[in-house]
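Note on naming: letters A, B, ... go to the chains in the order of the sequence lines (proteins, then strands), and numbering restarts at 1 for each one. Reckoned from all heavy atoms, side chains included, excluding hydrogens, waters and symmetry mates.
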There are 2 protein chains.
Amino acid sequence: MLHSEYKLAPKHLISVDCIIFGYDKEELQLLLFNRKIEPQKGRWSLLGGWVNEEESVEDAARRVLKTITGLDDIYMEQVSAFSKPERDPGGRVVSVAFYALIRINEHDIQLVIKNGATWISLNKVPELIFDHNEMLNNALEKLRLKASYEVIGNQLLPESFTILQLRKLYDAIFQKKFDPGNFRKKILSFKVLEKMNKKNMKDSKKGAFYYRFKSNAKKSGLIPVVKTF
Amino acid sequence: MLHSEYKLAPKHLISVDCIIFGYDKEELQLLLFNRKIEPQKGRWSLLGGWVNEEESVEDAARRVLKTITGLDDIYMEQVSAFSKPERDPGGRVVSVAFYALIRINEHDIQLVIKNGATWISLNKVPELIFDHNEMLNNALEKLRLKASYEVIGNQLLPESFTILQLRKLYDAIFQKKFDPGNFRKKILSFKVLEKMNKKNMKDSKKGAFYYRFKSNAKKSGLIPVVKTF
DNA sequence: GCAAAAGTGTTCATAATACACCCATGT
DNA sequence: ACATGGGTGTATTATGAACACTTTTGC
């Protein structure tokens, strides 16, 4: 492109929308906002925000995530840009969607409530404004793809967790029941988890060892973690 | 977001950049532009263009692809949005990258030349302006992922092609040699190709049947076409 | 006859799947 | 005692990788 063209080119509003996933009560949860004021009062939406002059879309997403959850260093992945001219009735806005994974019990729940946000289980998600349902579906697809090829959970589960908890997370993500024995063997074969000297005595009589992600764990590349489709 | 906020929010230039892949001479080719004028004269770049007021980024990409190649209905996939504030020294521009697959012999080669574009083999790609090399790498990764999970080639090869041609395309994409027998069996097992009553007598003495993609072919989901990583 | 790709078949190693089975313990 | 998850083992099947082998035909 030419320098001279820069002044002539049209400018656009750019927003970010965040699909915020958490995990609680054996289900994937989504942080949603119920609009308190017109327009669109009472309708549900994702967390959104404008992109400022001197920031990347990633920085914008981190900024809005921080204002709502109080957390820095949230794990995020870009989903896609959404840009149909009519997607937002309020004006022509190009939005870049991100999904974020957060530990549901570590964020500032008061801050979240104050901001009018609610955790809603994935299979109870209502109709959302604009193209937010489409964004959610794209995000879920990306999350599933990621979970297929590497052991995820570090950003959704507590620091230490049992294989049962991890398996139930996978059950929730893929909406199917994984075989306990096979799942354990497969997950441990990746050698990204380390067994701790602590046992969870709450969820079973025998007690299950806690595991945590190794700090130096490398990713698996394209070796399937689970076969799901 | 609120209606009232729309007027206050900052506006940005948005561009699209296209990573245009073709296949010729047993190699993946990339359509690149050598700048004829200052600034950045002599340097190489991807095909880019501004996004207009009333069009989606996909429409913008299709539009610039059409002006350069003369083709409608080009196969495209969104790669990612690139938005570091300093990525373009000419100004703050958020760019959405797309990769496109085109049949290298079907486009208007005169139009391409007139526009100052050149096909360059993937392993001879020079340093590109801005973050265009990064865009290319992201696009290649996406293309490889796609080729891993479904039989691609419909958009890169001629309408009818031999298994040898398809295998060489895969060799080029993954920069490795696939075993002829195993590749044939695996590809045909997906049942997305149909054998034609025509033989290619050019590339072998015995002659190889031409195949083409079935028009109704369904995608494979997550069953690997080839193992590559 | 040789070379080179076409096309099929065979063998071996590895991985996924479906279970069986014993363990530990709170109730 | 028994129910429940923890954890390990195993038989069966499916898949991938390596490669042998036969076919065809232009040179």
Side-chain angles (χ1 to χ4, degrees), chain A residues 25-26 147-151 153 157 160-172 174 176-212 220-229, chain B residues 25-26 147-151 153 157 160-172 174-191 193-212 220-229:
Chain A
K25 304 199 183 67
E26 306 193 357
S148 305
Y149 286 110
E150 56 185 89
V151 184
L157 295 171
S160 43
F161 51 86
T162 62
I163 302 294
L164 175 63
Q165 289 175 282
L166 181 60
R167 197 182 80 228
K168 291 203 164 160
L169 169 61
Y170 267 79
D171 287 352
F174 291 103
K176 64 175 268 192
K177 296 246 176 249
F178 288 94
D179 177 275
N182 295 337
F183 182 85
R184 152 186 302 275
K185 274 177 288 186
K186 185 75 206 193
I187 292 294
L188 293 178
S189 76
F190 284 93
K191 300 193 182 308
V192 297
L193 301 184
E194 58 187 353
K195 193 196 275 188
M196 301 174 71
N197 287 322
K198 212 174 19 150
K199 271 195 164 187
N200 170 316
M201 302 302 294
K202 201 169 84 259
D203 298 332
S204 74
K205 318 296 166 67
K206 184 177 177 182
F209 278 104
Y210 279 111
Y211 287 80
R212 68 175 166 209
S220 76
L222 275 191
I223 301 146
V225 173
V226 292
K227 275 205 170 164
T228 51
F229 290 89
Chain B
K25 305 198 183 67
E26 305 192 0
S148 304
Y149 287 109
E150 56 186 271
V151 184
L157 296 170
S160 44
F161 50 87
T162 63
I163 302 294
L164 174 63
Q165 288 174 283
L166 182 59
R167 195 181 82 230
K168 291 201 164 162
L169 169 61
Y170 267 79
D171 288 352
F174 290 103
Q175 305 274 24
K176 63 176 267 192
K177 295 245 176 251
F178 289 92
D179 177 275
N182 295 338
F183 182 83
R184 153 185 299 276
K185 273 177 288 185
K186 187 74 204 189
I187 292 293
L188 293 179
S189 76
F190 283 91
K191 303 194 179 306
L193 302 183
E194 58 186 353
K195 192 196 274 190
M196 302 175 70
N197 286 324
K198 209 173 25 150
K199 270 195 165 189
N200 169 316
M201 302 304 293
K202 202 169 84 261
D203 298 331
S204 75
K205 318 296 163 67
K206 184 179 176 183
F209 279 103
Y210 280 111
Y211 287 80
R212 69 175 166 208
S220 76
L222 274 189
I223 301 146
V225 174
V226 293
K227 274 206 170 163
T228 52
F229 290 89

Nearest-Å distance for atom pair CZ/C1', residues B:Phe190 and D:dT15: 11 Å
List for me each residue that meets side chain to side chain donor-acceptor pair (under 3.5 Å) alongside A:Ser204, sequence neighbours excluded, and say none if there are none. none
B:Phe178 CZ to C:dG7 C1', in whole Å, measures 19 Å
Looking at D:dG16, C:dG26, C:dA15, which one has an atom nearest to any side-chain atom of A:Lys186? C:dA15
B:Phe178 and B:Arg184, any side-chain heavy atoms less than 4.5 Å apart: no
For B:Ile187 and C:dG7, give me the distance from atom CD1 to atom C1', rounded to whole Å. 15 Å
Rounded to whole angstrom units, what separation is found between the OH atom of B:Tyr210 and the P atom of C:dG7? 12 Å
Sequence neighbours excluded, the answer for side chain to side chain donor-acceptor pair (under 3.5 Å) partners of A:Lys198 is A:Ser160
For nucleotides 5-14 of chain D, 5' to 3', base contacts (B), sugar-phosphate-only contacts (S) and non-contacts (-) with protein non-hydrogen atoms under 4.0 Å give BBSBBB----
Across all chains, not counting sequence neighbours, the ring-ring contact (aromatic ring centres under 6.0 Å, His included) partners of B:Tyr211 are none
Residues that A:Asp203 engages under side chain to side chain donor-acceptor pair (under 3.5 Å), provided they are two or more places apart: A:Asn200
Any residue meeting side chain to side chain donor-acceptor pair (under 3.5 Å) with A:Glu26, in chain and number order, not counting sequence neighbours: A:Lys168
B:Met201 CE to C:dA4 P, straight-line distance once rounded to whole Å: 17 Å
Nearest whole Å is fine: how far is C:dA24 P from A:Asn200 CG? 18 Å
